[in-house]
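Just below is one structure, and these are the notes that go with it.
Whatever order the structure lists ligands and atoms in, that order sets their numbers, starting from 1. Quick caveat, the model's predicted, so the values are computed rather than measured. We're numbering straight along the sequence, starting at 1.
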Amino acid sequence: MFDAKIYTDRRNRLISEVKSGIILILGNPEASYNYPANTYAFRQDSNFLYFFGLDHPDLAGVIDIDNNKDYIFGNDVDIDDIIWMGPQPLMSDQAAKAGVNNTAPLKALPEIISEAKSKGRKIHFVPPYRGETYMQISNLLGIPIGEIRNHVSVDLIKGIIKLRSVKDEFEIAEIEKAVDIAYEMHTTSMRMAKPGVIEREIAGTIEGISLAKGGPVSFPIILSVHGETLHNHYHGNTLTLGRMLVTDAGAETTMHYASDITRTVPVGGKFNQRQKDIYEIVLEANQKTITATKPGITNKELHLMAAKIIASGLKNLGLMSGNVDDAVAKGAHAMFFPHGLGHMLGLDVHDMEGMGENYIGYNDKVKRSEQFGTAFLRLGKEHQPGYVFTIEPGIYFIPALIDKWRSEKKFTEFINYDKAESFKDFGGIRIEDNILVTETGNKVLGKPIPKSIKDIENMMSSGD
Ligand code: GLY
Ligand code: MN
Ligand code: MN
């Protein structure tokens, strides 16, 4: 945990955002896997971690703004728990580590909530994302499960997002640790990417690195020679020469801060000319948008900059034609780059996304596009110092999308479909880094992970 003062300070700042009422922040319970007692690895709720720090199941945090009191609800262990789980500190000692003086058993939670409700006080909570939490909120507040989303507190959502979006030095140090673990994962993947290896052999090895060096992976590993499928979790292909291997993987630290890195490498360790041609375009989009990152620029501007670099590079290769600005304005590039440039990163790999993507990524000044491709940009708004986010451009040759757009005669003035046909066996390339916005510009977090063609080829041959 961080110092108790950090949690107290965060709660005080949240109080000044939300102003009145009572804030309910539920920790996560265990979640069953294939029978009740066999559970997934426990993951605490990120808001609970942020404001209360304690990392075990069945806790609830309450901030009573009007009475200037905060509480942690949770049960002290009894002898049965000790037999199965070993001795645990008293709840009051645990709460003190988060700067909280008031503790009570979980059974007291309904009392404080129903008392506040009976007095007509506002009870603030954020959208739940697990079935158990839906039931808990429904029971506590008497709201039918299907209506819970209509009762969430926008003031609380906005307050939390305002705080969590700006990372302090301790959080940045944690994210750097997570990237350093990702360095080990990705360089291992590079060295293992040889013909004859099955994807799952690499995926399993690098997941083990995450577990051994910090926490679990920050999201299920995406690792495939079919990188044209954006979130490909199938790991049963055998690597063959001529394919590119996309590895999109990150770690959580012991404090649950995430990294999210993508590297794409040629199976066998040497880029052929066609791979080099596409790779250099994606690398240029990655590097130029990183260089352009500074306070005040919007992420939508960075996204469109990447889209133009991609369209221009594809035009040079004869895959696109016409005016690049027009092509991007109309969305023609999205056949090759059908996702957003990136998202916030922190305690969640898509940070805070459970509270509503538009609250995190957009505001009154920057609205979400409705155009295919740019519509999937999770973060569009203006950057501020302390933001941590991903930059992850890519180029993909998705046979089904090429066929669909071709049959619809979409953007025939901008896309050379005959040439695109010849890339249907290519796969995809994505290059993703984790960026901190500083007062004057930006910093790429963590130990640099090879991404130039030369550095990747050197790394891939280093294990031979
Ligand atoms: N890890 C999925 C992504 O890059 O957002
Ligand atoms: Mn990723
Ligand atoms: Mn990402």
Atom 5 (O) of ligand 1: the protein heavy-atom neighbour that sits closest, reported with distance to 0.1 Å: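 Protein heavy atom with the smallest distance to atom 5 (O) of ligand 1: H350 NE2, 2.7 Å.
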How about F170: does its CZ atom have over 12 heavy atoms from other parts shown lying under 6.0 Å from it?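 At most 12 heavy atoms, drawn from other residues, nucleotides or ligands, come within 6.0 Å of this atom.
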Counting only heavy atoms not in K410 (residues, nucleotides, ligands), do more than 12 fall under 6.0 Å from its NZ? yes
Considering only heavy atoms of [X], which atoms of ligand 1 have at least one such atom less than 4.0 Å away?
X	value
E432	4 (O)
E392	3 (C), 4 (O), 5 (O)
F219	1 (N)
D260	1 (N), 3 (C), 4 (O), 5 (O)
H231	2 (C)

Using a distance-only test with no angle check, is there a side-chain donor-acceptor pair under 3.5 angstrom linking [X] and [Y]?
X	Y	value
K451	N286	yes
N28	R43	no
S218	E252	no

Can you list the steps and then say if Q94 with H56 is a side-chain hydrogen bond (donor to acceptor under 3.5 Å, both in side chains)? CA-CA 11 Å; Q94 293 186 49; H56 65 83; 2.6 Å; yes
Min N/O separation H343 to ligand 1 under 3.5 Å: yes
Is there a heavy atom in R430 that sits closer than 4.0 Å to ligand 1? no
Please give me the minimum heavy-atom distance between A182 and I261, naming the atom from each residue. CB-CG1, 3.8 Å
Measuring centre to centre across the rings, with the benzene-like ring taken for any Trp, is Y7 within less than 6.0 Å of F52? no
With the side chain counted from C-beta on, respond yes when I198 and H235 share a heavy-atom pair under 4.5 Å apart, and no when they do not.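 They are not in contact (no side-chain heavy atoms under 4.5 Å apart), so the answer is no.
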Can a cation-pi geometry be assigned to K367 and Y362, taking NZ or CZ under 6.0 Å from the six-membered ring centre and within 45° of the ring axis?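 Judged by the rule, K367 and Y362 form no cation-pi pair.
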For Y50, is the NZ or CZ atom of R10 found under 6.0 angstrom from the centre of its six-membered ring and inside 45 degrees of the ring axis? yes
Does H343 bring an N, O or S atom to within less than 2.8 Å of the Mn ion (ligand 3)?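 Within the cut-off used here (under 2.8 Å), H343 does place an N, O or S atom near the Mn ion (ligand 3).
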Under-2.8 Å protein N/O/S neighbours of the Mn ion (ligand 2), ordered by chain then residue number: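 Correct list: D248 OD1, D248 OD2, D260 OD1, E432 OE1.
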Test of understanding: given a 4.0 Å heavy-atom threshold, classify the contact between D248 and ligand 1 as side chain, backbone, both, or neither.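 Just the side chain.
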